[in-house]
J.: 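Got a structure here, written out as structure tokens. Questions coming.
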Protein chains: 2
Amino acid sequence: MAATIRDVATAAGVSQSTVSRALSMPDLVNPATRARVLAAARRLGYQPNRAARGLITGRTGNLGLIVPDLSNPFFSSVVKGVQAAARAADYSLFIADTDEEATAEVELLLALTRQVDGIVLCSPRTPDAELARVGVESAVVLMNRRIEGRPSVTVDNADGMRQAVEHLAALGHERIAYVAGPRTSWSNGQREQGLHRSAEDTGTDLVHLGHFPPRFEGGVAAADLALASGATAVIAYNDVVALGLLSRLGARGVSVPDQISVLGCDDISMSAMTHPALTTVSIPKREAGRAGVALLLSLLADTAAAAEGAPAPHRELHAQLIVRATTGVAPHPDRRTAGGHSTKGTTR
Amino acid sequence: MAATIRDVATAAGVSQSTVSRALSMPDLVNPATRARVLAAARRLGYQPNRAARGLITGRTGNLGLIVPDLSNPFFSSVVKGVQAAARAADYSLFIADTDEEATAEVELLLALTRQVDGIVLCSPRTPDAELARVGVESAVVLMNRRIEGRPSVTVDNADGMRQAVEHLAALGHERIAYVAGPRTSWSNGQREQGLHRSAEDTGTDLVHLGHFPPRFEGGVAAADLALASGATAVIAYNDVVALGLLSRLGARGVSVPDQISVLGCDDISMSAMTHPALTTVSIPKREAGRAGVALLLSLLADTAAAAEGAPAPHRELHAQLIVRATTGVAPHPDRRTAGGHSTKGTTR
DNA sequence: AATCGGTTTGCAAAGGATTGCAACATCCCG
DNA sequence: CGGGATGTTGCAATCCTTTGCAAACCGATT
């Protein structure tokens with residue numbers, strides 16, 4: 001069927017080795033010969049057989065990506081970044097979705113490892129200890145999760161939250177509710193810490209509202225709690241949750257931002273388009289994806305350095321508050337109603 | 001590093017061939033031997049090298065999936081269905097996103113074909129003629145696109161639209177606008193045809209509003225045209241567009257469904273959660289994904305039949321109207337304002 | 001005891017590309 | 001003109017599995 005390297009060799013009147021070299025180590029063959037080989041290869045539509053190459057090089061030319069939920073717009077953006085970077089480097093990409101199930105992560109990791117050179121593990125929900133225990137042959141880059149001694153790409157969530165809190169404080173808000181995401185989310189932990197510190201620094205009250213699934217319905221469920229908490233502003237774990245909040249608030253006839261301000265995180269594309277448009281802490285999703293692949297490729301390039309216990313590379317991206325229309329000056333104090341438990345400047 | 005079949009053979013005291021057979025053609029080896037082999041394999045953590053196997057069998061054990069836009073919730077649901085089915089059949093899945101660019105489709109198709117046994121091509125934007133010209137070695141199943149002689153999975157869009165129009169007609173609507181999706185979308189064409197016919201059958205006016213990108217902003221842009229058209233109900237190409245419509249209508253202070261009814265298509269998860277919840281034509285997305293893989297696998301199972309010009313298998317799924325809160329009885333005639341061009345019972 | 005049918009097993013040949021090593025050619029310098 | 005350095009090319013081994021074919025083995029029949 002498909003042309004093999006032998007066919008090209010015959011057509012060009014050289015040996016297989018010369019063809020191989022002409023294609024992958026161009027400066028080792030005579031320019032004239034190379035031209036002949038390239039011409040023959042093109043004419044025959046030759047494309048090296050990946051399996052055969054992989055067999056001898058031990059490399060697959062594939063990368064893997066594991067995400068908690070493809071239908072979460074945050075992750076689909078990350079996927080796009082990973083995809084673009086992988087394609088640019090001539091790698092193919094296996095994508096797997098764990099449906100937010102922690103057990104599936106390890107399973108997929110093990111299943112994938114044999115077929116890829118490296119894996120980007122995005123926002124893993126598996127506990128540190130267990131994750132550390134899993135030994136995989138392929139290089140693994142963590143995303144949105146920091147574990148000592150492991151390469152990773154993260155976002156400065158704490159700083160993002162600081163920007164958010166300072167913005168709200170400047171608008172006169174003195175009591176802010178946080179709608180927490182999954183307990184197993186590292187990013188959520190980082191955000192809580194950042195909020196905690198910033199609340200202390202700015203002298204604002206922080207109300208912590210339970211853990212909610214990072215989906216629209218999570219926000220819907222949290223809205224009533226947020227209202228009852230007496231907070232004049234709500235920061236949501238992510239934009240999807242924030243949209244859920246807005247929806248429920250709208251349904252209850254609560255005006256945003258006049259009666260309550262809402263602030264999201266991630267900056268998914270829909271956030272800019274709702275009415276009113278959502279104020280949010282923007283995270284460079286595509287960039288994170290690209291950075292993850294870049295890190296992975298650098299790891300693959302010198303496995304030597306990796307084995308030698310060079311410090312695990314780490315890349316931290318910046319988060320940026322984007323002020324749109326769901327945040328405004330705090331309503332006059334006597335408009336607020338009390339309720340919800342709170343502690344001055346603490347997360348719980 | 002990893003154990004090879006030789007290691008297992010040595011450990012079990014048999015030849016490589018016996019190991020191979022014990023694992024993949026169990027009834028060809030003596031039960032006692034098989035047990036010994038299996039034990040050794042497990043002990044050594046042996047897993048066959050996919051590249052080596054692929055080299056000789058000519059199969060990769062991989063499937064490919066090409067979709068226009070991963071961040072469109074419709075497609076991420078399809079992806080989940082495909083993913084689940086592929087995993088269940090012990091295939092790995094390459095996923096590629098074309099960013100709604102038709103040229104990328106053929107490119108990806110060609111790049112992927114060498115590394116997979118089969119490809120699900122979802123909602124391709126490439127014209128029929130060009131698509132027919134591309135010869136790929138791997139089996140290809142079309143999804144949301146019907147081309148004579150090619151295996152495909154589709155949804156009965158026309159029937160879905162019929163349900164939508166009949167629902168609106170029953171509510172007293174006499175003038176319905178359709179916000180069209182991409183010109184290159186086959187589904188969009190099917191929906192237009194279905195609408196056309198149903199409009200004639202029910203004797204309602206149909207206003208065709210240009211082609212819009214199948215995204216939120218498409219709906220935002222279309223909303224003003226819809227209002228100006230004098231229609232009392234709008235059917236959107238898909239839910240995302242419908243959400244855009246709702247957003248803009250809300251911003252303009254138009255009440256849904258009192259002043260105008262809105263109807264989407266796809267039934268993405270967010271549609272059930274907006275306020276008011278979106279009436280929509282539900283499409284079995286996951287099921288479509290599963291069906292695509294099933295078709296692909298059946299094709300792979302008997303390539304003989306395929307070569308013999310057996311009729312290309314086709315599977316058509318049913319669409320189902322889900323009435324929620326964005327459709328209501330038509331406003332009293334004199335409330336309406338004229339405008340927009342229309343033709344009784346036609347699509348253009 | 002030789003033969004036969006049926007299982008079970010091993011040998012060895014693919015499959016397509018990469019790569020260490022050796023061979024050869026060429027050229028410069030002494 | 002010989003020797004060494006440099007630049008090109010080919011040979012052949014290697015990666016790990018699968019599989020056609022033949023050998024070995026078994027009990028049973030003639």
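Letters A, B, ... mirror the listed sequences (proteins, then strands); counts begin at 1.
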J.: With sugar-phosphate meaning primed atoms plus P, OP1 and OP2, does S24(B) contact a base, only sugar-phosphate, or nothing at under 4.0 Å between heavy atoms?
T.: nothing
J.: List, with names and distances, any nitrogen or oxygen atoms from the protein found under 3.5 Å away from nitrogen or oxygen atoms belonging to nucleotides 24-26 of chain C.
T.:
none

J.: Look at Y46(A) and dA17(C) and indicate whether a side-chain polar atom (N or O) is within less than 4.0 Å of OP1 or OP2.
T.: yes
J.: Donor-acceptor check, side chain of E105(A) to backbone of P124(A), threshold 3.5 angstrom: yes or no?
T.: no
J.: Taking the side chain of P31(B) as its heavy atoms from C-beta onward, which of dG15(C), dT9(C), dT8(C) lies nearest to it?
T.: dT8(C)
J.: Whole angstroms only, please: what is the CG-P distance between N30(B) and dA24(D)?
T.: 19 Å
J.: For the helix from dA1(C)-dT30(D) to dG30(C)-dC1(D), measure the angle between the helix axis at one end and the axis at the other, each built from five pairs, rounding to 10°.
T.: 70°
J.: Passes side-chain contact (heavy atoms from CB on, under 4.5 Å), K80(B) versus D97(A)? Steps please.
T.: CA-CA 8 Å; K80(B) 290 196 171 209; D97(A) 171 308; 3.1 Å; yes
J.: Among dG16(C), dG10(C), dT18(C), which nucleotide has an atom closest to any side-chain atom of S15(B)?
T.: dG10(C)
J.: So, under a plain 3.5 Å distance rule, would you say the side chain of R21(A) forms a donor-acceptor pair with the base of dG10(D)?
T.: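 By the distance-only test, yes, there is a pair.
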J.: With heavy atoms under 4.0 Å as the rule, sort V19(B) into base, sugar-phosphate or nothing.
T.: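 The answer is nothing, as V19(B) stays clear of every strand by at least 4.0 Å.
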J.: Considering every strand and a 4.0 Å limit on heavy-atom distances, what is the contact class for S17(B): base, sugar-phosphate, or nothing?
T.: base
J.: Looking at E100(A) and R125(A), does any basic side-chain N land under 4.0 Å from a carboxylate oxygen?
T.: yes
J.: Write down the atom of L299(B), the atom of A139(B), and the distance for their closest heavy-atom approach.
T.: CD2-CB, 4.1 Å
J.: Examine the base of dG15(C) for any acceptor or donor lying under 3.5 Å from a partner atom in the side chain of R53(B), and report the outcome as yes or no.
T.: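 Flag unset: no donor-acceptor pair detected.
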J.: Among the candidates dT17(D), dT8(D), dG16(C), find the nucleotide nearest to the side-chain atoms of I56(A).
T.: dG16(C)
J.: In whole Å, I'd like the distance from the CG atom of L55(B) to the P atom of dC15(D).
T.: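 Value for this atom pair: 14 Å.
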J.: Is there a side-chain hydrogen bond (donor to acceptor under 3.5 Å, both in side chains) between S20(B) and S17(B)? Walk through the geometry before answering.
T.: CA-CA 5 Å; S20(B) 175; S17(B) 2; over 6 Å; no
J.: Do S152(A) and T154(A) have a side chain donor and acceptor closer than 3.5 Å?
T.: no
J.: Main chain of E101(A), side chain of D99(A): is a donor-acceptor contact present, judged purely on distance under 3.5 Å?
T.: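 Flag not set: sc D99(A) to bb E101(A) has no pair under 3.5 Å.
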J.: Starting the side chain at C-beta, find the nucleotide from dG16(C), dT9(C), dT8(D) nearest to A52(A).
T.: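 From the listed options, dG16(C) comes nearest.
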J.: Would one find a side-chain N or O of T33(A) under 4.0 angstrom from OP1 or OP2 of dT9(D)?
T.: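 Checking T33(A) against dT9(D): at least one side-chain N or O falls below 4.0 Å of OP1 or OP2.
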J.: Just compare dC16(D), dT18(D), dT18(C) and give me whichever is closest to any side-chain atom of S20(B).
T.: dT18(D)
J.: Using atom CG of L23(B) as one end and atom P of dT17(D) as the other, report the distance to the nearest whole Å.
T.: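 Rounded to the whole Å, the gap is 10 Å.
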J.: Please tell me which of the listed nucleotides, dG16(C), dT17(D), dG10(C), lies nearest to the side chain of T4(B)?
T.: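 Selected nucleotide: dT17(D).
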